[in-house]
Structure formats: C-alpha cells, structure tokens
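One structure is given below, encoded as structure tokens.
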Amino acid sequence: MTHFDTALSQHVQRTDTGRLRHLITLDGLTRNEITALLDLAQFYVRKPHELPARDQSLAGHTVANLFFEPSTRTRVSFELAAQRLGAYVVNLDMQTSSRVKGETVLDTLYTLQAMHADVLVMRDAEPGLPAQVAPFVASHVSILNAGEAHVSHPTQGLLDALTIRQHKPDFNNLSILIVGDLMHSRVARSTWRALNTLGIGEVRIAGPEHLLPPAHEFKGAIRHTDINKAIQDVDVVMALRIQKERMQQAHIPDDSGYCREFGLTPERMKLAKPDAIVMHPAPMNRGVEITDDVADGKQSVIQQQVTNGVAVRMAVLATIARGAHGQ
Ligand code: CP
C-alpha cells in the first residue's frame with residue numbers, strides 16, 4: 001500500500017484560524033464539527049414524497065466535479081447538492097478532458113480556478129493527491145475529497161454516520177460490524193473515523209486475513225476472520241465491495257466461495273440483533289458480498305444511504321462556503 005500522510009491532510013484542510021476550508025479527511029474533525037455537519041444534513045433531509053430541500057447558500061458560487069475515477073452516487077449527489085444550494089455546476093468529463101493529453105492535475109485545477117470555479121470536488125486513485133494540491137489553489141478555492149484511493153472518502157463517512165444516527169441514535173451502546181475488503185476501502189476508513197469520533201460503543205471488522213487492514217489501522221476495532229462470530233448480536237452490519245480494480249490477481253477471491261465464507265445472507269443476518277440494519281456504500285457486487293434478499297430486504301437502509309448522500313453534500317458545501325468566506 002502506498003504511504004499517505006493523514007497529518008498533512010488534517011493540517012492543509014484548515015485556515016490559519018482553524019476554519020475548515022477544504023474537506024480532505026475526517027481525521028482531526030472534532031465531535032462538535034461532525035455533529036454540526038450531521039445536524040445540518042438532517043435539516044436538508046426530506047421524505048420521499050416531498051420536494052427536495054433548497055436554499056441559496058451557494059448562490060454565485062461555481063462547483064466543478066473532477067472525477068478521475070468512476071462514480072455514480074458521489075458525482076451525481078455533489079451535482080444535485082450544489083444545484084439545490086443555488087450554485088453553478090460544471091462536470092468535467094475526464095475521458096475527453098486535456099488530462100488525456102498529459103495535462104497535470106494541478107494545471108487542470110488552475111484552469112477551472114481561472115474560470116471562477118471556487119469549489120473543486122475531486123476523486124482520484126492516487127493516495128495523498130488532495131492534500132498535495134490544496135496548498136496551491138487560490139485562497140478563495142476549496143477542495144472537497146470525493147474519494148481518494150483507498151485512503152479517504154469523508155462525505156461517505158458522514159452519510160454513513162447520519163444513516164446510523166437516524167436509526168440508532170444511542171452511539172455509545174452500539175455495536176457495528178464492517179465486513180469485507182477493508183484493506184482497499186476508503187469508505188471503511190472514513191466511516192470508522194466518523195463513528196469513532198462520535199463515540200461508537202464497539203466496532204468489529206471481519207474479512208479474509210489478506211483483505212483486513214494492517215494492524216496499526218482501525219485501532220480499537222475487534223478483528224475477526226470468522227463472520228459468523230463477528231456478526232453475533234450486532235446492531236449495524238456494513239458490507240463492503242470487493243475492489244478487484246485495486247487488487248493483484250492473487251488477492252481476488254472466487255465469487256461464490258467468498259459469498260459462502262463472508263457474504264451477507266438471510267441465514268447469517270439471523271445471528272445479528274433482530275432489529276439490526278444493513279448498510280453497503282455501493283456499488284454492490286450482488287451475490288458476492290451481499291445477496292439480493294438482504295440488499296433489498298426489510299433491514300436494508302442502502303437506498304437511505306444514497307438519499308442521505310445528497311443532504312450530507314449540501315451540508316458540507318454550505319459549511320465550507322461559509323468557512324471559506326469567513327461568514
Ligand atoms: N459509494 C460511492 O462512493 O459510490 P460511487 O462510486 O458510485 O460514487
């Protein structure tokens with residue numbers, strides 16, 4: 001795994017006065033800061049039959065989405081969030097952008113900044129990239145990390161925490177199991193960070209030994225290689241996608257064998273608490289880490305995670321816009 005420097009990310013995302021100017025990592029955010037973001041996101045949540053929330057928090061701002069890796073949920077939800085806050089939105093198609101002609105990421109950012117884009121939402125496969133570029137953009141520009149290699153996916157961490165809080169607000173007494181390919185998961189790292197800061201009672205992690213993270217990560221989490229033990233009496237079960245695109249051939253598990261050993265099946269879910277919720281950041285490998293019956297079943301809150309993603313990104317955009325302009 002490539003080295004990444006969370007201390008640098010924590011440092012560069014704040015102004016000299018400590019305001020959050022960029023959002024690169026949840027590391028270093030206080031419990032109050034995370035709670036405030038979740039509270040604002042909850043304010044933006046609407047019921048399915050209602051019209052979506054809107055306001056003009058970003059009126060006059062321009063948000064540019066630069067996704068150097070594929071995305072459905074994060075890219076669309078950042079776009080909708082920005083539009084619903086009154087911003088102009090530009091989506092750069094990276095396949096037809098000048099990056100394919102060899103333009104550097106920084107030159108791409110400078111180009112958008114020169115066109116008055118002031119919020120740059122970035123997803124990239126290179127660990128550490130958001131923290132490396134953040135010090136070089138103009139002082140009125142903010143970088144929002146929309147997924148950084150295996151390192152960090154802060155808005156996903158927030159939307160997962162919000163979804164759990166909506167169902168199980170007593171964090172201190174909660175037990176969560178995160179199961180699957182934790183080694184390659186930026187989601188697991190950011191969600192774990194959010195839950196830890198919010199004081200979650202117990203985190204268990206489970207998966208094949210070679211897909212569990214190095215021992216120095218997920219401090220305090222209880223490690224399992226037997227999901228049937230790990231899932232006993234938990235309140236929340238989060239399955240992760242097997243990220244074949246980040247694995248060498250030797251690490252890629254056989255789909256049906258993986259499902260037998262580690263998949264979320266209806267039989268396995270009976271070992272968790274009867275009111276346990278099922279989460280998955282998606283996209284899902286159905287029939288591998290989760291079966292259809294569980295993904296679409298009564299305990300699943302997977303679509304609610306998607307809905308909350310827009311509200312969380314509205315909260316982050318509104319908060320960052322306020323901080324960047326000292327309001
Ligand atoms: N959960 C998530 O980041 O999904 P996308 O890759 O579709 O954005």
Side-chain angles (χ1 to χ4, degrees), residues 1 150 156-157 160-161 163-164 167-168 171-196 200-302 305:
M1 283 276 134
H150 62 282
Q156 179 76 41
D160 288 342
T163 308
I164 295 170
H167 290 271
K168 316 255 175 206
F171 269 46
N172 292 346
N173 291 314
L174 280 192
S175 175
I176 178 171
L177 167 64
I178 307 177
V179 56
D181 179 8
L182 280 96
M183 170 81 99
H184 301 99
S185 179
R186 55 193 173 209
V187 172
R189 287 176 174 84
S190 288
T191 301
W192 175 78
R193 172 57 62 198
L195 297 179
N196 238 12
I200 192 109
E202 183 185 67
V203 178
R204 305 179 197 174
I205 59 176
E209 187 67 49
H210 69 283
L211 295 182
L212 287 179
H216 67 271
E217 291 196 76
F218 294 84
K219 284 212 175 77
I222 305 163
R223 295 165 76 97
H224 289 271
T225 50
D226 181 350
I227 186 179
N228 295 324
K229 285 190 184 145
I231 202 170
Q232 295 281 344
D233 296 322
V234 291
D235 301 285
V236 180
V237 188
M238 179 183 293
L240 299 173
R241 183 171 70 87
I242 295 289
Q243 300 196 38
K244 293 183 179 175
E245 73 275 21
R246 297 191 207 283
M247 291 181 199
Q248 294 162 351
Q249 196 62 33
H251 278 179
I252 295 178
D254 155 64
D255 287 356
S256 57
Y258 183 86
C259 194
R260 241 185 347 268
E261 292 285 319
F262 292 99
L264 288 190
T265 61
E267 297 70 40
R268 223 159 238 151
M269 279 308 302
K270 289 186 187 134
L271 301 173
K273 285 200 179 141
D275 64 348
I277 57 169
V278 173
M279 304 176 71
H280 192 305
M284 292 180 269
N285 292 309
R286 287 173 177 262
V288 183
E289 66 261 1
I290 191 165
T291 62
D292 289 338
D293 320 24
V294 177
D296 305 324
K298 282 205 305 271
Q299 289 167 280
S300 171
V301 296
I302 294 168
Q305 288 174 268

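Side chains are part of it too, since the values below use all heavy atoms of this structure and drop only hydrogens, waters and symmetry mates. Not measured: the values here are computed from a predicted model.
- Considering CD1 of Ile178 and CE of Met238, their distance stands at 5.5 Å, rounded to 0.5 Å.
- Partner Asp275 forms a side-chain hydrogen bond (donor to acceptor under 3.5 Å, both in side chains) with one of Lys168, Gln299, His167 and no other, that one being Lys168.
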Does the pair Val237 and Val294 meet the rule for a side chain to side chain contact (heavy atoms under 4.5 Å, CB included), with working shown? CA-CA 11 Å; Val237 188; Val294 177; over 6 Å; no
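- Tyr258 OH to Leu211 CG: the interatomic distance, rounded to the nearest 0.5 Å, is 6.5 Å.
- For the side chain to side chain donor-acceptor pair (under 3.5 Å) test, residues two or more places apart in sequence or in another chain that qualify with Gln305 are Asp160.
- Between Phe218 and the options Leu182, Asn196, Val203, Leu212, a side chain to side chain contact (heavy atoms under 4.5 Å, CB included) holds for only Leu182.
- Counting only residues at least two apart or on different chains, the side chain to side chain donor-acceptor pair (under 3.5 Å) pairs with a member in residues 220-234 are Asn228-Arg268.
- Across all non-hydrogen atoms, the minimal contact from Ala206 to Ala230 is CB-CB, 3.9 Å.
- Summarising the geometry, atom CG belonging to Leu240 is positioned 10.5 Å from atom CE belonging to Met279; distances are rounded to the nearest 0.5 Å.
- Legend: residues meeting side chain to side chain donor-acceptor pair (under 3.5 Å) with Ser190, ordered by chain and number and at least two apart, are absent.
- Between Ile227 and Leu177, some side-chain heavy-atom pair lies under the 4.5 Å cut-off.
- Between Ile205 and Pro213, some side-chain heavy-atom pair lies under the 4.5 Å cut-off.
- Asp181 places a side-chain N or O within 3.5 Å of a backbone atom of Gln243 that can act as its donor or acceptor partner.
- Counting heavy atoms from C-beta outward, Leu174 and Leu195 have side chains that stay 4.5 Å or more apart.
- For Asn172, the side chain to side chain contact (heavy atoms under 4.5 Å, CB included) partners at least two apart in sequence or on another chain are Arg31, Asp170.
- Going from atom CD1 of Ile231 over to atom OG1 of Thr265 covers 7.5 Å, rounded to the nearest 0.5 Å.
- Sorted by first and then second residue, the side chain to side chain donor-acceptor pair (under 3.5 Å) pairs involving residues 279-295 (not counting sequence neighbours) are His280-Glu289, Asn285-Glu289, Arg286-Asp292, Arg286-Asp296.
- Two residues are said to be in side-chain contact when any heavy atoms from C-beta on lie closer than 4.5 Å; Arg241 and Pro283 meet this criterion.
- Using a 4.5 Å heavy-atom cutoff, the side chains of His210 and Met183 are not in contact.
- Between the CZ atom in Arg186 and the OG1 atom in Thr191 there is a gap of 12.0 Å [rounded to 0.5 Å].
- When the side chain to side chain contact (heavy atoms under 4.5 Å, CB included) test is applied to Ala194, the partners found at least two apart in sequence or on another chain are Leu26, Ala161.
- Glu202 meets the side chain to side chain contact (heavy atoms under 4.5 Å, CB included) test with Ser175, Arg204, Ile222; sequence neighbours excluded.
- No side-chain heavy atom of Ile164 sits less than 4.5 Å from a side-chain heavy atom of Val301.
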